[in-house]
There are 2 protein chains.
Amino acid sequence: MQDIRKVKTERDIQTALLKLLREKTFDKITIADICATALTGRSTFYDHYTDKYALLEQMVAHYTDLFARLMHDRLNVLMSESGDKALIAFYKRLQPQGQAILTLLDVHEENADLTKNIKQELKEEWTHYLDTSDRPSTLPRDFMVFLGTDVVMSFIRWSLTHTVDEAIAHFAGRFRQAMFE
Amino acid sequence: MQDIRKVKTERDIQTALLKLLREKTFDKITIADICATALTGRSTFYDHYTDKYALLEQMVAHYTDLFARLMHDRLNVLMSESGDKALIAFYKRLQPQGQAILTLLDVHEENADLTKNIKQELKEEWTHYLDTSDRPSTLPRDFMVFLGTDVVMSFIRWSLTHTVDEAIAHFAGRFRQAMFE
DNA sequence: AGCTATTTGTCCGGAAACGAACACCTTTCT
DNA sequence: AGAAAGGTGTTCGTTTCCGGACAAATAGCT
């Protein structure tokens, strides 16, 4: 059995960092800042993380993993012809973490770049999808991968700041189809 | 110097109770419930409060006191002829605590009844105001006290669930004037 | 460049929170 | 009514977190 305090302090520290990231940039944030808003002692921070970069890296890794798992779970459905509802379901799953993801998407550090990570996941997925698809396109494959990931990225950002309705989901489906015509 | 943990734990426990009060009634809430949502050990609860009633009583007492102080601070301005802006300022001060106050207004326990407490404060204030006012009314004083407190109570609830704009504040002023005609 | 203030990372003794176990009481089921 | 389940309140040994102090590194100032 594991002590709740560990869970709680890490949650508090992570929440604190996210809050601070909405106020200032990562490099302007000090450990003392984090601990003050997390209501934890500064020495406690070092009991859990080696430095603020390690903290950020762990968080970005966590959300990268979350996104990847969520995407792979539903991928077959998402890429199908009638994937409108699946797309909505996908965003529903992302929604609760939405605020955290959105703030982290704007942070770009050496080993902690959620945008970069998600794009990488999307790129691999598009590549694999195009390679196995039985619907060839006249456009260069690399171009379609490039465009596809950026468009999906755009959809994600929009969906998390606003909400996904039927119309948006339907348009996403239409767009995917349009890429093969 | 005092340990942050005390502050933090009590904050977490109180926030947890408020959250639970939005889901179920006070009597259905167990200590274990509170500790589970507060992420604290059950024994820790008893380090701070003798039982859940003591917790609620302390919280109600706190918000009663907050309201009373806020009211007395601005009373002279609030009761003046041009108190529209003062009224808005008053609600601005109440706003941050709004969610907590609103949930506690619906809880009615023996020694923990925020609605009752605030009404008492308002009653005393109206009584004192009417006794010292140089503008006599033909209506019975007790009736005016009764009506006045209920109307203010209504304004408070409405303002905290919605927002106070110029129109509402102005209407409140008009109403106060109407009571003397 | 030199001086000061701030931040970082580490250490430690003491305080607070922890889980687990306990007896006791109330509620629910049968 | 009697058994089972769940909530209360208390205790205690252990773990985690805390504040404070520290040297070293970094940033900001003049």
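Per chain, numbering begins at 1; letters A, B, ... match sequence-line order.
Using a 4.0 Å cut-off between charged side-chain N and carboxylate O, B:Asp33 and B:Lys28 make no salt bridge. Taking the charged nitrogens against the carboxylate oxygens, A:Arg69 and A:Asp65 do have a contact shorter than 4.0 Å, which makes a salt bridge.
Using modelled atom types and a 3.5 Å distance limit, the side chains of B:Gln120 and B:Glu124 yield a donor-acceptor pair. Between the side chains of A:Glu125 and A:His72, at least one donor N or O lies within less than 3.5 Å of an accepting N or O.
When the P atom of C:dT7 is taken as reference, atom CD1 of A:Ile34 falls 12 Å away, rounded to whole Å. Remark: C1' of D:dC17 and CG of A:Asp12 are 12 Å apart, rounded to the nearest angstrom. For the pair A:Phe45 CZ and D:dG19 P, the computed distance is 16 Å after rounding to whole Å. Spacing between atom CD1 of B:Ile13 and atom C1' of C:dC18 amounts to 13 Å, rounded to whole angstrom units.
At its two ends the helix from C:dA1-D:dT30 to C:dT30-D:dA1 runs along axes set 60° apart, each axis drawn from five pairs and the angle rounded to 10°.
Put simply, NZ on A:Lys24 and NZ on A:Lys19 are 11.5 Å apart, with the number rounded to the nearest 0.5 Å.
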Protein-to-nucleotide contact annotation, 5' to 3' order, nucleotides 6-16 of chain D [B base; S sugar-phosphate only; - none; under 4.0 Å, heavy atom]: -SBBBB---BB

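Between A:Thr44 and the phosphate of D:dC18, there is a side-chain N or O to OP1/OP2 separation shorter than 4.0 Å.
Ring geometry, B:Trp158 versus B:His162: the interplanar angle falls under 30°, so the pair is classed parallel (tilted spans 30 to 60°).
Side-chain rings of B:Phe45 and B:Tyr49 approach one another, their centers coming within less than 6.0 Å.
As judged by a 4.0 angstrom heavy-atom cut-off over every strand, A:Leu39 is placed among residues touching the sugar-phosphate backbone only.
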Only distances under 3.5 Å count here; give the side-chain donor-acceptor pairs of residues 96-107 of chain B to other protein atoms, sequence neighbours excluded, each with its distance to 0.1 Å.
unit_1, atom_1, unit_2, atom_2, d
B:Thr103, OG1, B:Gln99, O, 3.4
B:Thr103, OG1, B:Ala100, O, 2.8
B:Asp106, OD1, B:Arg157, NH2, 2.7

